[in-house]
Asker: 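Before I ask anything, here is the structure I am working with.
Atoms within a ligand are numbered from 1 in the order they appear, just like the ligands themselves.
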Amino acid sequence: MNRTPAAAHTLNRIQKAAVDLGIDLENLPAHVAVIMDGNGRWARKKGLQRLLGHREGYKTLRGVLLDASELGIRYLTVYAFSAENWRRPKEEVDGLMVLIERAAKDELRTMHQNNVRVQVAGRIDEVPEGLRKALEHGIETTKDNTGITFTLAINYGGRAEIVDAIKEIVAQGVPAGQITEETVAAHLYNPETPEPDLMIRTAGEMRWSNFLIWQSAYCELFVTDTTWPEFGSKDLLSAVHTYQSRTRKFGAVVE
Ligand code: FPP
């Protein structure tokens with residue numbers, strides 16, 4: 001649907017840029033998931049420590065959350081720390097935990113003012129207590145917000161999520177014959193969140209890396225060589241534009 005010129009003045013900065021690129025604001029992906037890769041490579045290129053790459057990645061994430069929210073995307077999910085990331089050097093793991101805890105505390109007021117609803121996905125009971133409490137406080141404070149839902153995947157693994165769902169189903173005594181795809185979907189970490197329509201991966205790797213593997217069965221993948229610290233508004237718009245140029249078939253034939 002084309003917006004009339006009369007409505008054009010109500011568009012914000014990012015919506016105007018989107019329309020200029022030919023993006024249809026009525027057909028945005030409802031849920032965008034992001035594998036934020038390349039912080040380490042960005043740091044190495046600059047001769048900096050890896051943690052400085054993550055710190056720069058945090059700045060990028062602030063911008064992307066704001067852009068996505070202003071554009072009108074309803075759900076943004078980011079892979080902040082995978083269940084496999086514990087294998088990294090202790091110094092990097094500790095540094096990431098501190099960075100995410102500080103971000104959760106420092107950004108809460110801004111997120112709340114911007115009507116952002118915060119969620120987490122992952123085995124949160126296994127992360128350091130300070131981070132867990134900061135996340136729980138953020139979730140509780142923003143739970144009634146009606147703007148974008150921002151999901152932080154922390155200590156998250158797609159296979160672990162499916163295992164956790166199966167454990168719940170078994171614990172509830174659901175007979176095997178009654179288990180359907182809907183049963184499994186209803187026991188994932190955030191069952192009311194729609195499946196991602198678009199998955200963005202930065203830094204060029206063509207891998208899924210165990211991220212939202214159940215929910216991504218039909219999502220469109222956009223991979224860019226740009227590293228996460230370098231990713232900006234124009235890259236997000238380019239991903240959305242590419243998404244809109246694809247024909248989603250969900251296994252059917254589309255004429
Ligand atoms: C992957 O880059 C990135 C991560 C494992 C961590 C993502 C974390 C952030 C963006 C920091 C801030 C997050 C929050 C929620 C405040 P990599 O280290 O694997 O990069 P490389 O492949 O180039 O080494």
Side-chain angles (χ1 to χ4, degrees), residues 32-69 75-112 114 116-124 126-128 130-139 142 148-158 160 189-190 199-212 223-232 235-236:
V32 176
V34 188
I35 301 179
M36 310 180 289
D37 199 8
N39 294 347
R41 273 163 280 178
W42 177 88
R44 185 164 3 104
K45 246 184 341 200
K46 304 230 168 237
L48 302 170
Q49 288 184 349
R50 293 178 56 81
L51 265 176
L52 291 174
H54 296 313
R55 213 174 285 171
E56 203 62 24
Y58 163 30
K59 287 190 204 159
T60 296
L61 180 54
R62 276 184 114 230
V64 168
L65 175 58
L66 191 67
D67 281 349
S69 162
Y75 296 84
L76 178 73
T77 300
V78 299
Y79 211 177
F81 193 89
S82 79
E84 290 75 34
N85 284 153
W86 298 107
R87 298 181 194 144
R88 294 187 174 207
K90 183 173 174 348
E91 192 190 337
E92 182 173 348
V93 170
D94 291 349
L96 267 169
M97 291 296 147
V98 170
L99 180 67
I100 301 172
E101 178 179 337
R102 223 175 270 159
K105 290 177 177 161
D106 292 350
E107 303 300 337
L108 180 56
R109 180 205 279 253
T110 314
M111 287 196 285
H112 196 30
N114 283 287
V116 176
R117 186 166 70 109
V118 180
Q119 279 187 162
V120 292
R123 292 182 175 165
I124 298 305
E126 294 171 2
V127 306
L131 172 56
R132 186 174 48 75
K133 287 199 164 144
L135 293 169
E136 286 168 354
H137 180 55
I139 294 164
T142 64
I148 192 168
T149 297
F150 174 53
T151 307
L152 271 168
I154 296 178
N155 192 24
Y156 175 87
Y189 294 138
N190 296 298
M199 164 116 37
I200 298 173
R201 180 161 191 153
T202 56
E205 309 288 351
M206 300 285 181
R207 270 196 297 278
W208 231 266
S209 297
N210 202 17
F211 191 39
L212 303 175
V223 178
T224 173
D225 285 336
T226 305
T227 63
W228 180 246
E230 297 166 311
F231 190 90
D235 301 293
L236 178 67

Asker: Determine whether the side chains of Thr227 and Arg41 contain a donor N or O and an acceptor N or O closer than 3.5 Å.
Answerer: no
Asker: Would you name the heavy atoms of Ala134 and Ala104 that are closest together and state the gap between them?
Answerer: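 Looks like CB-CB, 4.1 Å.
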Asker: Could you tell me whether Glu136 and Arg132 make a salt bridge, using a distance below 4.0 angstrom between a side-chain N and a carboxylate O?
Answerer: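 So Glu136 pairs with Arg132 through a salt bridge.
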Asker: Any ion pair linking Glu230 and Lys45 (charged N to carboxylate O, less than 4.0 Å)?
Answerer: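 Counted as a salt bridge, because a side-chain N and a carboxylate O are separated by less than 4.0 Å.
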Asker: Any donor-acceptor pair under 3.5 Å linking the side-chain atoms of Arg201 with those of Ser209?
Answerer: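 Result is yes, a qualifying pair exists.
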Asker: Check whether any side-chain heavy atom of Tyr156 sits under 4.5 Å from a side-chain heavy atom of Phe211, and report yes or no.
Answerer: yes
Asker: Could you go through ligand 1 and list every pair where one of its N or O atoms sits under 3.5 Å from a protein N or O, giving the atom names and the distance to one decimal?
Answerer:
| residue | atom | partner | partner atom | Å |
| --- | --- | --- | --- | --- |
| ligand 1 | 2 (O) | Gly38 | N | 3.4 |
| ligand 1 | 2 (O) | Asn39 | N | 3.4 |
| ligand 1 | 18 (O) | Arg50 | NH2 | 2.9 |
| ligand 1 | 18 (O) | Arg88 | NH1 | 2.9 |
| ligand 1 | 19 (O) | Asp37 | OD1 | 3.3 |
| ligand 1 | 19 (O) | Arg88 | NH2 | 2.7 |
| ligand 1 | 20 (O) | Gly38 | N | 3.3 |
| ligand 1 | 20 (O) | Asn39 | N | 3.2 |
| ligand 1 | 20 (O) | Gly40 | N | 3.0 |
| ligand 1 | 22 (O) | Asp37 | OD1 | 3.1 |
| ligand 1 | 22 (O) | Arg41 | NH2 | 2.9 |
| ligand 1 | 23 (O) | Gly40 | N | 3.4 |
| ligand 1 | 23 (O) | Arg41 | N | 2.7 |
| ligand 1 | 23 (O) | Arg41 | NE | 2.7 |
| ligand 1 | 24 (O) | Arg50 | NH1 | 3.0 |
| ligand 1 | 24 (O) | Arg50 | NH2 | 3.2 |

